[in-house]
Novice: 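Submitted below is the structure of interest, expressed as structure tokens.
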Amino acid sequence: MEARLLIEPHLAELAARNRTEEQLESIKEAFLMNVRDNLEHSTEHIGDRLFHIRIAESSQNDAFAFFLNFLLSKHYTEFFSRMRSLYTPEDMPLRSQLEHQEIMTAIQNKDAQSAHNAMKKHLQNVIHIFEGSQ
């Protein structure tokens with residue numbers, strides 16, 4: 001999570017500056033998948049992971065996108081799912097969804113600073129939840 005905190009706010013900022021309309025649509029589709037996952041009480045949260053990957057791809061920086069894909073690999077997804085099942089409050093998926101919406105809106109509006117800040121806040125909140133559980 002600390003590695004993600006170092007790069008993802010920058011990726012969100014770059015996505016707000018560089019994304020195409022097609023890429024914005026792919027971010028929105030991933031967001032809607034995340035909403036469906038929450039409604040269906042998914043344990044895997046594939047939409048959540050895809051949302052972050054689509055933002056990385058929209059940054060137009062292939063190296064960062066590759067690195068984030070590695071960080072969010074299947075191994076990480078299994079680890080993160082286990083952490084979520086053990087340590088997260090019931091309302092975390094909804095809070096995360098609202099934070100994702102804030103990030104998506106900033107990217108849609110091409111507001112790079114707001115995208116950066118929203119992603120940073122989102123990841124810090126996730127880290128805080130997991131740290132509080134130790």
Side-chain angles (χ1 to χ4, degrees):
M1 287 301 302
E2 289 176 359
R4 290 181 62 192
L5 182 59
L6 289 174
I7 66 165
E8 283 198 74
H10 185 62
L11 290 173
E13 182 178 334
L14 289 174
R17 288 189 181 128
N18 301 327
R19 58 106 180 134
T20 65
E21 287 301 316
E22 182 178 284
Q23 288 169 323
L24 177 61
E25 288 307 311
S26 74
I27 292 170
K28 289 178 179 181
E29 288 171 10
F31 175 77
L32 292 175
M33 181 185 288
N34 184 206
V35 170
R36 281 190 305 275
D37 288 347
N38 290 343
L39 290 172
E40 296 170 2
H41 306 288
S42 169
T43 58
E44 295 181 5
H45 299 278
I46 301 300
D48 186 319
R49 180 174 156 264
L50 186 60
F51 178 78
H52 288 270
I53 290 170
R54 293 294 182 246
I55 290 171
E57 292 169 348
S58 299
S59 74
Q60 309 301 348
N61 185 311
D62 292 340
F64 276 139
F66 176 82
F67 186 64
L68 188 68
N69 265 300
F70 174 76
L71 286 176
L72 297 178
S73 68
K74 185 177 187 307
H75 173 75
Y76 177 87
T77 301
E78 291 169 358
F79 167 77
F80 197 72
S81 292
R82 181 76 175 139
M83 291 291 288
R84 271 190 170 171
S85 71
L86 293 173
Y87 301 119
T88 57
E90 290 292 318
D91 69 335
M92 183 178 176
L94 179 59
R95 283 194 282 170
S96 180
Q97 179 180 315
L98 294 173
E99 291 167 2
H100 283 182
Q101 187 168 11
E102 184 179 350
I103 296 163
M104 184 177 64
T105 299
I107 292 170
Q108 179 175 328
N109 293 338
K110 295 192 172 215
D111 185 342
Q113 190 60 52
S114 292
H116 178 101
N117 293 342
M119 182 64 81
K120 183 176 180 180
K121 180 180 80 172
H122 170 58
L123 294 172
Q124 286 173 327
N125 287 342
V126 173
I127 289 169
H128 177 73
I129 287 169
F130 288 160
E131 284 178 340
S133 64
Q134 296 178 357

Novice: The criterion is side chain to side chain contact (heavy atoms under 4.5 Å, CB included); which residues satisfy it with Lys28, sequence neighbours excluded?
Specialist: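 In terms of side chain to side chain contact (heavy atoms under 4.5 Å, CB included), with neighbours along the sequence ignored, Lys28 is linked to Leu24, Glu25, Met104, Gln108.
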Novice: Search all heavy atoms of Ala112 against all heavy atoms of Ala16 and return the closest pair with its distance.
Specialist: CA-CB, 3.6 Å
Novice: What's the spacing between Leu6 CG and Leu123 CG if we round to 0.5 Å?
Specialist: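 One finds 10.0 Å between CG of Leu6 and CG of Leu123.
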Novice: Please round to the nearest 0.5 Å and tell me the distance separating atom CZ of Arg19 and atom CD of Gln60.
Specialist: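 So the gap between those two atoms works out to 10.5 Å.
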Novice: Within this structure, what is the OG-CG distance for the pair Ser96 and Asn125, rounded to the nearest 0.5 Å?
Specialist: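 Result: 9.5 Å between the selected atoms.
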Novice: Tell me, please, which residues at least two apart from Phe67 pass side chain to side chain contact (heavy atoms under 4.5 Å, CB included).
Specialist: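 In terms of side chain to side chain contact (heavy atoms under 4.5 Å, CB included), with neighbours along the sequence ignored, Phe67 is linked to Ile7, Leu71.
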Novice: Any chance you could measure Ile129, atom CD1, to Met1, atom CE, to the nearest 0.5 Å?
Specialist: 9.5 Å
Novice: Among residues at least two apart in sequence or on other chains, which ones pass side-chain hydrogen bond (donor to acceptor under 3.5 Å, both in side chains) with His116?
Specialist: Glu13
Novice: Please give me the minimum heavy-atom distance between Ala56 and Ser59, naming the atom from each residue.
Specialist: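 Shortest heavy-atom contact: O-OG, 2.6 Å.
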Novice: Not counting sequence neighbours, list each pair that qualifies as a salt bridge (charged side-chain N to carboxylate O under 4.0 Å, His left out) and has a residue in residues 32-41.
Specialist: none
Novice: Just how far is it from atom CG of Leu11 to atom CD1 of Ile53, taken to the nearest 0.5 Å?
Specialist: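 One finds 11.5 Å between CG of Leu11 and CD1 of Ile53.
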Novice: Quick one: ring-ring contact (aromatic ring centres under 6.0 Å, His included) pairs with a partner in residues 2-22, sequence neighbours left out?
Specialist: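 The answer is His10-Phe64.
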Novice: Name all pairs fulfilling the salt bridge (charged side-chain N to carboxylate O under 4.0 Å, His left out) condition that reach into residues 50-70, sequence neighbours left out, sorted by first residue then second.
Specialist: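 Applying salt bridge (charged side-chain N to carboxylate O under 4.0 Å, His left out) to every pair that reaches into residues 50-70, excluding sequence neighbours, yields Arg54-Glu57.
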Novice: Run the salt bridge (Lys or Arg N to Asp or Glu O under 4.0 Å) test against Lys121 and tell me which residues pass, sequence neighbours left out.
Specialist: Glu102
Novice: Say you draw a straight line from CZ of Arg49 to CG of Leu72; how long is it, rounded to the nearest 0.5 Å?
Specialist: 6.0 Å
Novice: Quick test of your reading: applying ring-ring contact (aromatic ring centres under 6.0 Å, His included), list the pairs with at least one residue in residues 11-32, sequence neighbours left out, ordered by first then second residue.
Specialist: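 For residues 11-32, and leaving out neighbouring residues, there are no ring-ring contact (aromatic ring centres under 6.0 Å, His included) pairs at all.
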Novice: Between Asn34 and Ala30, is there a donor-acceptor pair closer than 3.5 Å when you use the side chain of the first and the backbone of the second?
Specialist: no
Novice: Mind checking what makes side-chain hydrogen bond (donor to acceptor under 3.5 Å, both in side chains) contact with Glu2, not counting sequence neighbours?
Specialist: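 For Glu2 there are no side-chain hydrogen bond (donor to acceptor under 3.5 Å, both in side chains) partners, ignoring immediate neighbours.
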Novice: Please enumerate all residues that pass side chain to side chain contact (heavy atoms under 4.5 Å, CB included) together with Ala15, with sequence neighbours excluded.
Specialist: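 For Ala15 the side chain to side chain contact (heavy atoms under 4.5 Å, CB included) partners, ignoring immediate neighbours, are Ile55, Ser58, Ile107.
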Novice: For Asp48, which of Gln97, His100, Met33 qualifies under side-chain contact (heavy atoms from CB on, under 4.5 Å)?
Specialist: His100
Novice: In terms of hydrophobic clustering (I, L, V, M, F, W, Y; side-chain heavy atoms under 4.5 Å; direct or indirect links), are Phe51 and Phe66 co-clustered?
Specialist: no
Novice: Apply side-chain hydrogen bond (donor to acceptor under 3.5 Å, both in side chains) to Asp111 and list each qualifying residue two or more places apart in sequence or on a separate chain.
Specialist: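 In terms of side-chain hydrogen bond (donor to acceptor under 3.5 Å, both in side chains), with neighbours along the sequence ignored, Asp111 is linked to Ser114.
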Novice: List for me each residue that meets side-chain hydrogen bond (donor to acceptor under 3.5 Å, both in side chains) alongside Gln113, sequence neighbours excluded, and say none if there are none.
Specialist: Asn117
